[in-house]
Each structure stands twice: as C-alpha cells, then as structure tokens.
Peer 1: 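Dumping the structure here so I can ask a few things about it.
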Amino acid sequence: MGRFEKLVKAVRERGGNGPGGGRPWCLPLAGRVLLVAVYYRTNLTMRQLAPLFGISPATVCRVIQRLRPLLAIEPAPRPVADVERLWIVDGSFVPVRDRRVAAYSHNYRFSANVQVIIDADSRLVIASARPVPGNKTDAYAWRESDLPAITAGTTVIADGAYLGTGLIVPYRRRAGRPLLRGQEEDNAEHRRVRARVEHTFARMRNWKILRDCRQKGDGLHHAVQAVATLHNLAMTG
C-alpha cells in the first residue's frame, strides 16, 4: 500500500485530477490509478476491465488515455561524479499490434525495439527511448534516440550490437586472431555485469502489457515508461 500511495501522489502532483469544472470521473483518483496498473499488469481488454470496476468500456479507455502519460518515469538525476556511475543499456523486442511502430523482426512477430538504461548498482531504470521498428538494430535505435544526450559524461556499457556507438562493448574475436587472456577475462566480467539489464527486462515483462501491446501510437512508449516507474517503486519500496 505504501508503494501504491506513492504512485497516486505522483499522479496527483502531475495533474491527475485535471483542471476541474467538467463532468466528474466515475472513480476517484486512486481507483483510476489502480485501473491503469491492473491493465498494465494483466493486459485485459477494456470489456474485461469494465465490470471489475463497475464502469463502461468507453470510460476505461478514457481513464487509460488520460493517466498513461502521467505514470512516466521521472528524468534521471545527474550524479555528483558521472564517471564513477556505471549504467547499462540494452534493447528488447516488444510485440505490438500497431504496424506503424512495429516491423517483422527476428522473433518472428511484429515487434518494436525498446531501449532501456539501468543503473548497475541500484538496478533502477534510468530512462527509456521511444520504440523503433523491430527490424532496426540496437545501434540504430541508440543513435536515433535521446539517450546519448542523457548519458553524456557517464560510463555506459552495452553488448556487441552497439559497436561503433562509443559505448563500452566486449572485445571481438577476429578470424585467425584469438583473444588474449586478459581480453577473455574482461569479456567475462562484462557479461556478468551486463546480465543485470537482462534481469531487469525479465522483471518488467511481469507486466503483461509488454508481452503483447494492443495500444496504438504512443501507447507502447507510455506503457514502457509506466512499467519502468512501477518497477522502480517495487525495487525501492
């Protein structure tokens, strides 16, 4: 309940109750925030959610459309010594129905490539980029996002798909030239640390909206941002 109260407070401070003067909502703010959280957790349809909250499917849709931008993750605070802070970036494919933001990718589904940065120590999500079609590489998604500006001056590691982006990636084995022993050890340590972002993606996928997103337009972007906020609340208590 403490985490939920923090979430409701954040939505209220961002204008979740609206300017007022119009027709009142059928549910209080806490009920509307709960509705959106249940939607992201279960990925139920509007018709399935409506009887659970005693409202119409159209009202469910309006509540989600109104509150989903207000659940976005807050901008990452700049650490005192950026070079001493280690961040990890990686991309993940999220199946999405909207063909305008998705493409047929190597997971044999229409998906979008979502880039996420986490803090290596706290494992909190720092930022996420707008999704790009799933047939784009991680390096392309990184360059086209605003994440390079966010990470300026901070040490960021990534996997080999980000070669040429300026991030710290593992050593590559070239034909006929095996890696040196020190390079193999560095790669092993790199894999051990970078696995933390994979674990974060696994936790975020407990929110079933990221397994099959039916939202259109910016719906996937808002869903990723909201799930990042909910993940951070769960991690910090």
Side-chain angles (χ1 to χ4, degrees), residues 2-4 6-7 37-43 71-77 79 82-96 105-109 111-132 134 136-139 141-142 145-148 150-151 154-163 165 167-172 184-213 220-237:
R3 300 172 188 170
F4 183 70
K6 291 180 182 179
L7 183 63
V38 169
Y39 172 64
Y40 284 152
R41 172 67 81 175
T42 63
N43 203 21
L71 295 175
I73 187 172
E74 296 181 353
D82 287 350
V83 293
E84 297 180 2
R85 183 70 61 92
L86 180 63
W87 288 353
I88 313 170
V89 65
D90 199 8
S92 181
F93 292 103
V94 177
V96 60
S105 57
H106 71 258
N107 63 353
Y108 305 107
R109 299 188 63 179
S111 307
N113 188 334
V114 176
Q115 301 285 306
V116 170
I117 296 176
I118 72 164
D119 184 276
D121 294 327
S122 64
R123 310 198 182 196
L124 299 179
V125 177
I126 303 299
S128 68
R130 284 189 171 275
V132 299
K136 303 297 183 182
T137 64
D138 285 339
W142 169 264
S145 70
D146 58 350
L147 298 183
I150 295 175
T151 60
T154 306
T155 303
V156 184
I157 69 173
D159 61 21
Y162 293 84
L163 187 68
T165 59
L167 304 179
I168 299 177
V169 298
Y171 292 102
R172 295 183 65 186
E184 291 280 8
E185 294 174 352
D186 289 344
N187 281 0
E189 179 65 15
H190 188 282
R191 289 192 297 268
R192 186 188 67 80
V193 175
R194 202 191 63 80
R196 299 173 188 178
V197 72
E198 302 290 351
H199 300 160
T200 299
F201 273 127
R203 294 189 185 97
M204 292 176 66
R205 288 185 183 278
N206 287 331
W207 300 84
K208 294 184 179 180
I209 189 68
L210 300 186
R211 300 183 191 179
D212 183 19
C213 183
L220 176 59
H221 177 61
H222 291 311
V224 173
Q225 293 268 311
V227 169
T229 299
L230 297 166
H231 165 79
N232 288 353
L233 279 175
M235 294 290 290
T236 59

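As the structure is a prediction and not an experimental result, all values here were calculated from the model. Numbers here simply count residues along the sequence, with the first being 1.
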Peer 1: Quick check: does any side chain N or O of N187 sit under 3.5 Å from a backbone N or O of Y171, one acting as donor and the other as acceptor?
Peer 2: yes
Peer 1: Between L7 and L233, is any pair of side-chain heavy atoms under 4.5 Å apart?
Peer 2: yes
Peer 1: Any side-chain heavy atom of W142 sitting closer than 4.5 Å to one from L167?
Peer 2: yes
Peer 1: Just verifying a value: how many Å separate R130 CZ and D146 CG, rounded to the nearest 0.5 Å?
Peer 2: 9.0 Å
Peer 1: Closest heavy-atom contact between P170 and D159?
Peer 2: CD-C, 3.9 Å
Peer 1: Could you walk me through whether T155 and W87 pass the side-chain contact (heavy atoms from CB on, under 4.5 Å) check?
Peer 2: CA-CA 6 Å; T155 303; W87 288 353; over 6 Å; no
Peer 1: Is a side-chain donor-acceptor pair under 3.5 Å present for D212 with N43?
Peer 2: no
Peer 1: Does any N or O in the side chain of N232 come within less than 3.5 Å of the main-chain N or O of V125, such that one atom is a donor and the other an acceptor?
Peer 2: yes
Peer 1: Check the pair L71, H222 against side-chain contact (heavy atoms from CB on, under 4.5 Å), reporting the backbone distance first and the verdict last.
Peer 2: CA-CA 8 Å; L71 295 175; H222 291 311; over 6 Å; no
Peer 1: Would you indicate whether the side-chain heavy atoms of L210 and V227 approach each other to under 4.5 Å?
Peer 2: yes
Peer 1: Quick one: are L220 and V94 in side-chain contact, heavy atoms under 4.5 Å?
Peer 2: yes
Peer 1: More than 12 heavy atoms of other residues, nucleotides or ligands under 6.0 Å from CZ of F4: is that the case?
Peer 2: yes
Peer 1: Any heavy-atom pair between the side chains of I209 and Y39 that's under 4.5 Å?
Peer 2: yes
Peer 1: Quick check for you: to the nearest 0.5 Å, what is the distance between C213 atom SG and Y40 atom OH?
Peer 2: 8.0 Å
Peer 1: Are any of the side-chain heavy atoms of H231 and R203 separated by less than 4.5 Å?
Peer 2: yes
Peer 1: Do you see a donor-acceptor pair shorter than 3.5 Å between the side chains of S128 and Q225?
Peer 2: yes
Peer 1: Can you establish whether the number of heavy atoms outside R205 located under 6.0 Å from its atom CZ is more than 12?
Peer 2: yes
Peer 1: Testing L86, D119, D90, I118 one by one against R196 for a side chain to side chain contact (heavy atoms under 4.5 Å, CB included), which residue passes?
Peer 2: I118
Peer 1: Can you confirm whether the side chains of N113 and Q115 place a donor and an acceptor under 3.5 Å from each other?
Peer 2: yes
Peer 1: For the residue pair M235 and S122, what are the closest heavy atoms and their distance?
Peer 2: CE-O, 3.9 Å
Peer 1: Quick check: closest heavy atoms across T151 and P148, and the distance to 0.1 Å?
Peer 2: OG1-O, 3.2 Å
Peer 1: What distance separates L163 CG from D138 CG, expressed to the nearest 0.5 Å?
Peer 2: 12.5 Å
Peer 1: Given the rule in the side-chain contact (heavy atoms from CB on, under 4.5 Å) test, do V193 and I157 qualify, once you have shown the distances and angles that lead to the verdict?
Peer 2: CA-CA 9 Å; V193 175; I157 69 173; 3.8 Å; yes
Peer 1: Quick check against the 3.5 Å criterion: does H190 have a side-chain atom that pairs as donor or acceptor with the backbone of I168?
Peer 2: yes
Peer 1: Can you tell me how far apart CE (M204) and OG (S92) are? Round to the nearest 0.5 Å.
Peer 2: 8.5 Å
Peer 1: Step by step, work out the side-chain contact (heavy atoms from CB on, under 4.5 Å) result for K208 and R41.
Peer 2: CA-CA 5 Å; K208 294 184 179 180; R41 172 67 81 175; 6.0 Å; no
Peer 1: Between T165 and A139, is there a donor-acceptor pair closer than 3.5 Å when you use the side chain of the first and the backbone of the second?
Peer 2: no
Peer 1: Quick check against the 3.5 Å criterion: does S105 have a side-chain atom that pairs as donor or acceptor with the backbone of R109?
Peer 2: yes
